[in-house]
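Heads up, the thing below is written out as structure tokens.
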Amino acid sequence: MTENRDNQSNTANSGAVSGAEIVLEHVSKVYPGQKKPAVEDISLTIPAGELVVLVGPSGSGKTTTMRMINRLIEPSSGRITIGGRDALSIDANKLRQSIGYAIQQG
């Protein structure tokens with residue numbers, strides 16, 4: 001057991017980062033028939049390996065933003081890149097298999 005813990009410690013201290021940078025550039029989503037956007041002009045950069053939490057009141061666009069990142073819905077405008085690649089150019093199923101996230105339940 002001690003040897004295994006030492007290996008895990010060495011890996012943690014090596015500075016290795018897993019994951020990919022996610023960048024949202026002026027992303028908006030307007031649902032058909034709606035005048036007000038669900039998400040309006042959001043720009044943010046999530047560095048590779050970072051744990052991020054979106055917090056806000058009901059209706060503020062948290063779930064819509066997450067669904068745009070994993071391509072469950074398409075943005076109306078703006079650009080999302082994952083690991084430097086345009087998210088729209090990545091196979092949606094492969095993209096979803098490579099992203100982990102948890103949503104809030106009521």
Side-chain angles (χ1 to χ4, degrees):
M1 282 287 197
T2 303
E3 183 178 324
N4 190 25
R5 276 191 229 129
D6 289 343
N7 287 340
Q8 288 174 349
S9 178
N10 288 338
T11 301
N13 293 331
S14 71
V17 176
S18 66
E21 179 181 71
I22 300 173
V23 178
L24 286 77
E25 298 172 335
H26 304 287
V27 175
S28 295
K29 177 62 181 180
V30 180
Y31 288 104
Q34 300 294 313
K35 292 181 182 179
K36 185 177 176 188
V39 173
E40 185 173 21
D41 195 32
I42 186 171
S43 293
L44 70 105
T45 299
I46 303 168
E50 289 293 316
L51 176 67
V52 175
V53 178
L54 299 179
V55 178
S58 179
S60 65
K62 303 177 301 290
T63 299
T64 299
T65 299
M66 294 298 300
R67 289 181 176 191
M68 287 190 290
I69 291 171
N70 74 3
R71 293 196 50 209
L72 285 172
I73 60 174
E74 303 289 327
S76 301
S77 62
R79 183 172 183 217
I80 299 172
T81 59
I82 300 174
R85 294 180 57 198
D86 190 314
L88 296 177
S89 73
I90 303 169
D91 177 77
N93 288 325
K94 288 182 181 178
L95 174 65
R96 290 180 200 127
Q97 291 171 356
S98 68
I99 294 177
Y101 73 101
I103 60 171
Q104 169 186 326
Q105 294 298 319

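The residues of the chain are indexed from 1 along the displayed sequence.
- If you take CG on Leu24 and CD1 on Ile80, they are separated by 4.5 Å, rounding to the nearest 0.5 Å.
- In terms of hydrophobic clustering, with Ile, Leu, Val, Met, Phe, Trp and Tyr side chains grouped at heavy-atom distances under 4.5 Å, Val55 and Ile69 are assigned to different clusters.
- Counting only heavy atoms from C-beta outward, the side chains of Leu88 and Ile90 never approach each other to under 4.5 Å.
- Between Ser28 and Met68, the closest heavy-atom pair is O-SD, 4.2 Å.
- When the side chains of ILVMFWY residues are joined at heavy-atom separations under 4.5 Å, either directly or via intervening members, Val23 and Leu44 end up in two distinct hydrophobic clusters.
- Judged by distance alone, with hydrogens and angles left aside, the side-chain atoms of Lys29 form no donor-acceptor pair with the main-chain N or O of Thr64 at under 3.5 Å.
- With hydrogens and angles ignored, the 3.5 Å screen pairs no side-chain donor or acceptor of Arg79 with any backbone N or O of His26.
- Nearest heavy atom pair, residue Met66 against residue Leu54, reads SD-CD1, 3.8 Å.
- The heavy-atom pair separating Asp91 from Lys94 by the smallest distance is OD2-N, 3.0 Å.
- Considering all non-hydrogen atoms of both residues, Thr65 and Val39 come closest at OG1-CG2, 3.5 Å.
- Two residues are said to be in side-chain contact when any heavy atoms from C-beta on lie closer than 4.5 Å; Thr81 and Ile22 fail this criterion.
- The main-chain N or O of Pro57 is found under 3.5 Å from a side-chain atom of Lys62 such that the two form a donor-acceptor pair.
- Under the 4.5 Å side-chain heavy-atom criterion for Ile, Leu, Val, Met, Phe, Trp and Tyr, Leu72 and Val30 are members of distinct hydrophobic clusters.
- Counting only heavy atoms from C-beta outward, the side chains of Ile82 and Arg85 never approach each other to under 4.5 Å.
- Within the 4.5 Å cutoff, the side chain of Val27 has no heavy atoms near those of the Ser43 side chain.
- Side-chain atoms of Arg67 never come within 3.5 Å of backbone atoms of Ile73 as a donor-acceptor pair (strictly under, hydrogens ignored).
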Discussion item. Run the side chain to side chain donor-acceptor pair (under 3.5 Å) test on Ser76 and Tyr31 for me, step by step, so that the C-alpha distance in whole Å, both residues' side-chain angles and the decisive distance to 0.1 Å come before the verdict.
Written reply: CA-CA 8 Å; Ser76 301; Tyr31 288 104; over 6 Å; no
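- Atoms CZ and CD1, on Arg71 and Ile99 in that order, are 10.5 Å from each other to the nearest 0.5 Å.
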